[in-house]
Structures are given as structure tokens and as C-alpha cells.
Amino acid sequence: MATDRGLLQQKLEAMTKAAAAKTHLRRLGRLFNETVLIDVDGDEFYLTFEKGDVIEIKPGPSLKTPWRFALRVNGDALMKFWEAVPRPGYHDIFGLVKYGHGRIDGDILALVKNLRFFKEFMALGRIEAGA
Amino acid sequence: MTSSIEPILGRYVGLNIGGAHQRLYFEEAGAGHPVLLLHTAGADTRQWRFVLNDEAFTAHWRFIAFDMPWHGKSLPPEGFATTEYLLTTEAYIETVLAFCNALGLERPLLVGCSMGGRIALQLAALHPDRFCGFIAIEASDFQPAWYDTDWFDRPDAHGGEMGAALVSANIAPHAPQTERWNTLWMFMQSGPGVFRGDLTFYTRDDSLVSRLSMIDTQKTPVHMLCGEYDLTCTPADAMRTTCAMKGATIAIMEELGHFPMSENPKAFRPYFADALARMLG
């Protein structure tokens with residue numbers, strides 16, 4: 001079942017707002033100035049980070065927007081990832097990849113260097129879900 | 001806040017391993033038959049802090065845990081500054097046996113987690129006479145890396161922070177926040193290249209696969225424990241490994257991940273109590 005595009009946009013906007021309110025997260029991301037592609041069932045969202053803040057969420061598709069790395073994920077799996085207490089395998093972005101629900105493309109080292117920051121950002125959807 | 005002194009005692013022992021002098025740190029608590037506890041890659045004895053502080057366990061067993069060379073409070077050997085640390089199965093086995101000899105441990109029960117569990121199974125195959133039984137936690141025959149081990153030893157990034165962020169994938173969401181972060185702190189503190197050197201051994205040496213059939217669980221019991229949230233050693237990996245050892249038993253642990261004794265001691269406790277009871281026959 002395809003995940004609603006508008007709902008995803010709202011979710012990412014809510015995560016952006018939640019991230020801006022987290023002092024430790026902004027400190028963790030202070031050197032993170034990249035554009036990341038989040039691809040959910042083919043629906044693209046280009047998130048541009050500057051010093052740990054999301055300064056733009058640009059909906060795709062776009063062939064002209066460069067990105068550093070991409071998280072491509074199955075929508076149902078992403079919803080399970082965002083459950084308040086996710087089930088085994090859905091509890092981490094690497095779990096989604098390991099069990100074939102998603103893929104990470106691009107400059108993976110750029111992700112790994114900022115891994116805690118990016119994983120905590122992605123998990124903010126979970127906090128939102130539990131709110 | 002009330003102050004308290006824990007019953008854990010820490011000491012150092014000098015050993016000769018691979019022709020090099022090694023000063024190893026170890027902790028112990030309890031009285032009874034010895035149980036040797038082996039930590040995971042990139043961490044140290046602190047992973048066992050709750051077991052060593054558990055009065056119900058220490059009333060019946062003498063628990064001993066040591067920091068592997070290069071880990072925790074065990075210094076690396078002389079010349080480390082110009083040495084690439086790469087752990088091997090042979091060096092790991094030699095270290096465990098040398099430690100047992102130095103402390104005069106008579107057929108201890110061997111308990112290991114992750115790479116410690118892997119080496120426990122290697123010892124079950126190659127030196128079963130030296131131990132009375134084996135509890136292998138988050139242990140499997142072999143897994144290739146699903147990550148690049150070189151990520152964790154780079155001059156332009158903090159290997160400890162990256163390693164901690166990676167292994168956090170293996171911790172269950174049920175872990176109390178305090179113990180989740182205490183568990184990750186050990187990885188953050190790990191010396192440069194140490195986690196990589198451990199992972200190189202763990203992800204490239206597949207020699208255990210052909211040795212599992214050598215294990216005689218009638219003489220030395222083997223019990224496996226695996227957390228359902230472990231992404232590194234998945235329940236499927238642990239089940240496959242268990243099935244290759246005739247007579248071995250396994251428990252899949254709910255709401256636990258790759259560092260069960262450290263990330264969530266309360267949830268781990270009943271599984272470990274059952275494992276110890278099985279070793280009594």
C-alpha cells in the first residue's frame with residue numbers, strides 16, 4: 001500500500017520542527033551541511049541540512065537536485081520504523097536495509113560520519129508518532 | 001544519594017601472549033565454581049557489571065571478567081604505536097587459555113558475548129577439556145560484515161562515535177536509556193583501530209563453520225542465547241549455528257539485542273539464570 005505523499009511531507013516537516021528544538025541534536029549536526037534524498041516508494045523528498053538544521057524540504061521528482069546520500073525505503077516498513085516501539089528488524093535504518101526493506105545509496109561514509117545525528121533525526125518521526 | 005561500594009574487585013595480571021608481555025585488567029566477584037566472562041568487540045568488562053553485582057548469582061559462582069589486550073584498562077603491548085591491531089582466532093584462544101593458567105582456573109564455565117561467544121565455541125571445539133561448559137551469547141558460526149570495517153579507523157573521523165552509532169542498531173528499543181548509553185559509551189571510548197581490529201577477525205575468519213560438528217555437548221554442554229533485536233547475530237544466525245552442534249540448546253530472548261547483559265540487565269537476568277542452571281546438569 002502506497003504511503004500518502006502529503007502525510008509524509010507533514011511528517012518530515014514535523015521532524016524538522018522537533019529537531020530544531022533539540023539542542024544536543026543541533027550540536028551533533030553542527031558540521032552537517034548536505035542534501036539527503038529520502039525516497040519512500042518512489043516519492044522523493046530532498047532534505048537540505050545546514051549546521052544540523054533542515055532548511056528546505058523539496059519534493060521530487062528532480063533530476064537536477066544533487067544529493068550526498070539517499071535512504072530509499074518501503075513505505076510500510078518506514079511506518080513500522082516509526083511505531084513507538086518498533087518490532088525487531090524495524091527498529092533501525094540499518095535493520096530496514098538488512099532485511100530488504102530499503103537501501104542506502106551515495107556517499108555512505110558521509111552518512112557514517114554523521115550516523116548518530118542522522119539516525120536520531122529519522123527517529124524523530126517515532127517520537128511524533130508517540131506524541 | 002546513598003553511597004555504596006560494589007563487591008567487584010579489580011586487579012591486574014601479567015601474561016606472555018604471542019611472545020609479548022601483556023598486562024591484563026580483570027574483575028571478579030563471588031564464590032564457587034569459576035565462570036569466565038568474555039566481552040564483545042570494541043568494549044570491555046564493564047558489560048558484565050550487573051552479573052558481577054548480582055548477589056543471587058555470586059552466591060553460587062565466582063565470576064571473572066578480563067579486558068582483552070588493547071581494551072578497557074588493559075594496555076596495548078609494547079610497540080603498539082607502530083602496530084596495526086588485528087585480532088586472530090589463534091591469539092584470542094591463546095589469551096583465554098593463558099589467563100586461565102595464570103589464575104589457576106580449573107575447568108571454568110566459559111561465557112562469551114558476540115566475538116566472545118564465537119571464541120567460546122572455538123574453544124568448545126578445540127579445547128573442551130579445559131572448560132566445564134559454554135554459554136555463547138549473540139554468537140554464530142560466521143557472518144561477513146554488512147558494513148566496511150575500515151570506517152572505524154580513520155584520521156578524519158572519530159571511530160568511537162561512528163562505532164557507537166553503528167552498534168546502536170543492535171540495541172532493543174526496550175533498553176532503559178541509562179543502560180543503552182552506558183553500553184554505547186564503551187564503544188565511544190574504544191582506542192583507535194581497536195573495534196576495527198576486532199571486527200576484522202569477527203567478519204573474516206570462518207574457521208568455526210567446519211569445527212562445530214567437533215563439539216561434544218554430552219561432555220561439555222553448550223547453551224546459546226540470542227536477542228530478537230540483534231541485527232549482527234540474528235536469531236536465524238544463532239539457530240543455524242545451534243543446529244550444527246548436536247545437543248546444543250538455544251533461547252531467543254525477547255526485548256533484547258546484541259548486548260543483553262549490559263543494555264537491559266533486568267530482561268537478561270532470567271535467561272542467564274536459566275543458562276547457568278543448565279550448566280549444573
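To find a chain, count down the sequence lines: A is the first, B the second, and so on, and within it residues start at 1. Note: hydrogens, waters and symmetry copies are ignored here, and every other heavy atom, side chains too, is used.
By the neighbour-count criterion of 12 heavy atoms within 6.0 Å, atom CE of B/Met239 is sparsely surrounded, having that number or fewer from other residues, nucleotides or ligands. Shown here is A/Glu13, whose CD atom has more than 12 heavy atoms of other residues, nucleotides or ligands within 6.0 Å. Heavy-atom contacts from other residues, nucleotides or ligands closer than 6.0 Å to CZ of B/Phe142 number more than 12.
Heavy-atom distances place the side chain of A/Tyr99, and not its backbone, under 4.5 Å from chain B. B/Ala169 touches chain A through backbone and side chain together, each having a heavy atom under 4.5 Å away. Neither the backbone nor the side chain of B/His158 comes within contact range of chain A; no heavy atoms are under 4.5 Å apart. Interface residue A/Lys113: backbone and side-chain heavy atoms are both found under 4.5 Å from chain B.
With hydrogens and angles disregarded, a donor-acceptor distance shorter than 3.5 Å links the side chain of A/His91 to the backbone of B/Tyr229.
Counting heavy-atom pairs under 4.5 Å between each of B/Leu166, B/Asn170, B/Ile171 and chain A puts B/Leu166 at the top. The residue among B/Ala164, B/Pro235, B/Ala165, B/Gly257 with the most heavy atom pairs within less than 4.5 Å of chain A is B/Ala165. For the set B/Glu161, B/His174, B/Glu228, B/Glu255, the count of heavy-atom pairs under 4.5 angstrom toward chain A peaks at B/Glu228.
In this structure the side chain of A/Val112 reaches within 4.5 angstrom of the side chain of B/Met162, judged on heavy atoms.
Rounding to the nearest 0.5 Å places CZ of A/Arg116 at 8.5 Å from CG of B/Leu184. Between atom CG of residue A/Leu115 and atom CH2 of residue B/Trp151 there is a gap of 8.0 Å, rounded to the nearest 0.5 Å.
Nearest approach of A/Val85 to B/Pro173, heavy atoms of both residues: CG1-CG, 4.2 Å.
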